[in-house]
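Just so it is clear: chains get the letters A, B, ... in the order the sequence lines come, proteins before strands, and each one is counted from 1.
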Amino acid sequence: MAENINITENTDTLKKPNFIHSIISEELKQGKNNGRVHTRFPPEPNGYLHIGHAKSICLNFGIAEKFAGKCNLRFDDTNPTKEEVEYVESIMEDVRWLGFDWEDRLYYASDYFQKLHDFAIQLIKENKAYVDDQDAETISNQKGSPTRPGTESPFRNRSVEENLDLFRRMTNGEFEEGACVLRAKIDMTSPNMHMRDPIIYRIMKTPHHRTGDKWCVYPMYDFAHGQSDFWEGITHSICTLEFEVHRPLYDWFVDHLQETDYRPRQIEFARLNLTYTIMSKRKLLELVKDKHVNGWDDPRMPTISGLRRRGYTPESIRNFSDRIGVTKVDGVIDVSLLEFSVREHLNKTAQRVMGVLNPLKVIITNYPEDESEELDAINNPEDAAMGTRKVPFSRELYIEQDDFMENPPSKFFRLSPGKEVRLRYAYFITCTEVVKDENGNILHLLCTYDPATKGGNAPDGRKVKSTIHWVSAKHAVKSEVRLYDRLFKDENPDGHKDVDFKEFLNPDSLKVLTECYVEPFVKSAKPLDHFQFERLGYFNLDYDSTPEKPVFNLTVQLRDSWTKEQNKG
RNA sequence: UGUCCUGUGGUGUAACUGGCAACACGACUGACUCUGGAUCAGUAGAGUCCAGGUUCGAGCCCUGGCAGGACAACCA
């Protein structure tokens, strides 16, 4: 798992305003909540966070930052059957890695189990809640349908005393799971299904990851969330669109909780959808459990830990999040926007290095056998402060197979027989002979170099069409490189009614190259360090690396107008 | 036969109390270049879901439609 977590300071100046900012500004102008702004990020610890959560994290913490308010981290842990400490820990790690700080405001819904239980008793005493002995199916049938009103439970009018006694016995564990539930008494004919006497407590005899076996009744989401917000002094409870219809219920509970002017306000926004990926925690879990990927942090996963391992930076994710905006329109964002965001950041910050993925040996026939020299290379042309490094050069080199064509088309500028190209930061070379085996497979290339072009410039002003990357065979570090492609072949794998999303898994989403050569500079790299392999893409060092064998992950390729050109024809 | 929400270039978002539909990604040109990267300059692409109405003027206001989404877990 991730070791090198560097908290990056939040210097983003963009923070594009959105409709929630407008609502808050307006309220502030009216003096609401005495100018206080307090949000929260409330994940259920039942899985790893994904890029969709990142949007929510940036939104909630971003609002706090923008309005000089606060943002809490709260675990919505009201269902012990699904929640685990492993998830709690990963979530905290991910939020921190993204660059946000909840300071001392770490909360759990389970912190409020007692208060919630007290409130439930209060509702019973006010004759606004009752114990229902019917089973799940019966209750469900009585709820009616969105177009048909529900009917009342025969237990709806039990006396307060009886309800109090029953709920006490539920709490004491006298009943089996499913034997009965506590329901709010609202309106079985409401056009809003959520107002038809919603269940607020159920019996669960599963130990809770924090409270152990102290409780055997647990509050439902709707009963816990608004009250938790209230007790924490949350002013804006931001959630996704599907909770829109829950809002009247959210308000109903808070209105019955306490008489005061202060009310947390629920505001909904559209969750993030990305092309070629799925965002459902349940389905991501399925990919992990069925081993379609190698864990939650597999670099192909849209999880934050996956993106981190893949080489995404917190800045790039924050910028992405800002760029996509916040609205109530259900849309799908093109992954290319995410990719643009990493390229943008890594272009400015990544150490450049030369690495050959598919090696083709080149022998410089006029370069002395046992000699070698060191050439100066620029670490990052976008940032002079990053300085230069030495790159070893010798008689035997590797170049990229794609950089040589025996019979090149007219627009191919790279190496071919008789053609001269520049080896980046080194010399001009000319291909003099293609050496093949008896089957006609290319074994290696014989080239000559021009000693006068050392450093890459010809004193006679001679130009070459192309500069290619290379690596000195005897100095290079043999590495493994993992190339990733999109996990799904379909733009919307989740959007087909009759086809399971797994049908669209891309069988070629991972390609492992074991014979790659990278310049010795990378020997000192630590896991997660970012590099640009010149002319290829951005890569980072994987946790699986050993000093003997580095392993690199492809974060994203460089834009490539050559293959684009090729695909035209 | 319901309630709630949403409709602006290919995609995502803007447009302050009505005033020439803007920005980013993507696409395409060209310039430059020791990364076919980056950078720079530029082009195309929507008349704002539809139909009426108010107004000198409507993406914004009004009326009526249409389309898409959410809601019937003892999940969150």
- With a 4.0 Å cut-off on heavy atoms, is A:Glu534 in touch with a base, just the backbone sugar-phosphate, or nothing at all? base
inquiry  = Would A:Arg462 and A:Phe428 count as a cation-pi pair here, with the cationic atom under 6.0 angstrom from the ring centre and within 45° of the axis?
reply    = no
Of the candidates B:G2, B:A14, B:G37, the side chain of A:Arg559 sits closest to B:G37
message = Using a heavy-atom cut-off of 4.0 Å across all strands, would you classify A:Phe413 as base, sugar-phosphate, or nothing?
response = base
5'-most contact on RNA chain B (nearest-nucleotide basis), A:Lys463 vs A:His194, goes to A:Lys463
(Q) When the C1' atoms of B:C16 and B:U3 are compared, how many Å lie between them, rounded to an integer? (A) 33 Å
Closest of B:A14, B:G26, B:G36 to the A:Asp560 side chain is B:G36
Distance check, C1' atoms only: B:C49 and B:G59, in whole angstrom units.
12 Å
Discussion item. Is it the case that B:G37 (base atoms only) and A:Glu382 (side chain only) share a donor and an acceptor within less than 3.5 Å, ignoring hydrogens and angles?
Written reply: yes
Rounded to whole Å, CG of A:Leu49 lies from C1' of B:A76 at a distance of 14 Å
>> By the 4.0 Å heavy-atom rule, please label A:Arg247 as base, sugar-phosphate, or nothing.
In response: nothing
Quiz item: Phosphate oxygens OP1/OP2 of B:A38: is one of them under 4.0 Å from a side-chain N or O of A:Arg535?
Solution: no
- Task: Measure from the ring centre of A:Tyr221 to the centre of the six-membered ring in the base of B:A76, then say whether that distance is under 5.5 Å and the planes meet at under 30°.
- Result: no
In whole angstroms, the gap separating P of B:G12 from CD1 of A:Ile324 amounts to 11 Å
Rounded to whole Å, the CD-P distance (A:Glu177 to B:C74) equals 14 Å
**Request:** Give one of base, sugar-phosphate or nothing for A:Thr327, where a contact means two heavy atoms less than 4.0 Å apart.
**Result:** sugar-phosphate
A:Thr275 side-chain N/O to B:U11 phosphate OP1/OP2 under 4.0 Å: no
*Strictly under 6.0 Å, is that where the ring centroids of A:Tyr201 and A:Tyr218 end up?*
no
- Taking only side-chain nitrogens and oxygens of A:Arg202, does any of them come within less than 4.0 Å of OP1 or OP2 of B:C75? yes
Heavy-atom nearest pair, A:Arg414 first then A:Val421, reads C-CG1, 3.6 Å
### Task
Describe the nucleic acid contact of A:Val326 in one word from base, sugar-phosphate, nothing, applying a heavy-atom distance below 4.0 Å.
sugar-phosphate
Looking only at B:G26, B:A72, B:U6, the nucleotide nearest the A:Ser140 side chain is B:A72
**Asked** Any donor-acceptor pair under 3.5 Å between the side chain of A:Arg148 and the base of B:U1?
**Response** no
From CD of A:Glu339 across to P of B:G12 the rounded distance in Å is 17 Å
Of B:C74, B:G2, B:C25, the nucleotide closest to the side chain of A:Phe340 is B:C25
Taken to the nearest whole Å, CZ/A:Arg343 to C1'/B:U35 is 14 Å
| task | Compare side-chain N and O positions of A:Lys564 against OP1 and OP2 of B:A27 and report whether any pair is under 4.0 Å apart. | result | yes
Looking at A:Arg323, I'd like to know whether one of its side-chain N or O atoms comes within less than 4.0 Å of OP1 or OP2 on B:U13. no
For B:C23 and B:G18, measure between their C1' atoms and round to the nearest Å. 22 Å
When rounded to whole Å, the CG to P distance for the pair A:Asp197 and B:C74 reads 13 Å
| Hey, is the side chain of A:Ser336 poking within less than 4.0 Å of OP1 or OP2 on B:C25, counting only N and O atoms? | no
- Just by distance, with hydrogens left out, do A:His53 and A:Asp94 show a side-chain donor and acceptor under 3.5 Å apart? no
RNA chain B nearest-nucleotide lookup for A:Glu44 and A:Lys454: closer to the 5′ end is A:Lys454
Original post:
So what does A:His246 touch, heavy atoms closer than 4.0 Å: a base, only the sugar-phosphate, or nothing?
Top reply: base
* To do: Using the P atom on both, measure B:A22 against B:A44 and round to a whole Å.
  => 12 Å
ask   = Counting only side-chain N and O atoms of A:Lys16, is one of them less than 4.0 Å from OP1 or OP2 of B:G12?
value = no
Separation of B:U29 atom C1' from A:Glu565 atom CD, nearest Å, is 13 Å
Problem - Check: A:Glu84/A:His209 side-chain N/O donor and acceptor closer than 3.5 Å - result: no
Practice task
Quote, to the nearest angstrom, the P distance that separates B:G26 from B:C32.
Solution key: 23 Å
Base orientation of B:G47, chi within 90° of 0 counted as syn, else anti, reads syn
Review point. Below 6.0 angstrom between ring centroids: does that apply to A:Phe223 and A:Phe119?
Key: yes
Practice problem: Answer yes or no: is there an ion pair linking A:Asp111 with A:Arg210, defined by an N-O contact shorter than 4.0 Å? | Solution: yes
With A:Ser237 as partner, the option from A:Arg247, A:Glu232, A:Arg40 fulfilling side chain to side chain donor-acceptor pair (under 3.5 Å) is A:Arg40
- Between B:G7 and B:U1 - C1' atom distance, rounded Å: 23 Å
Whole-Å distance, A:Gln557 CD to B:A38 P, equals 13 Å
request  = Quote, to the nearest angstrom, the C1' distance that separates B:A31 from B:C60.
outcome  = 42 Å
B:A72 OP1/OP2 closer than 4.0 Å to side-chain N/O of A:Thr147: no
- Message: Looking at A:Thr467, I'd like to know whether one of its side-chain N or O atoms comes within less than 4.0 Å of OP1 or OP2 on B:U33.
- Response: no
Step by step, would you call A:Glu44 with A:Lys82 a salt bridge (Lys or Arg N to Asp or Glu O under 4.0 Å)?
CA-CA 9 Å; A:Glu44 182 189 14; A:Lys82 291 188 174 177; 5.8 Å; no
* To do: Please work out if A:Tyr425 contacts a base, only the sugar-phosphate, or nothing of the nucleic acid, heavy-atom cut-off 4.0 Å.
  => base
Determine the Euclidean distance between corresponding P atoms of B:A38 and B:A70; express it in Å to zero decimal places.
39 Å
Side-chain contact check for A:Ser145: nearest option of B:C75, B:A72, B:G36 is B:A72
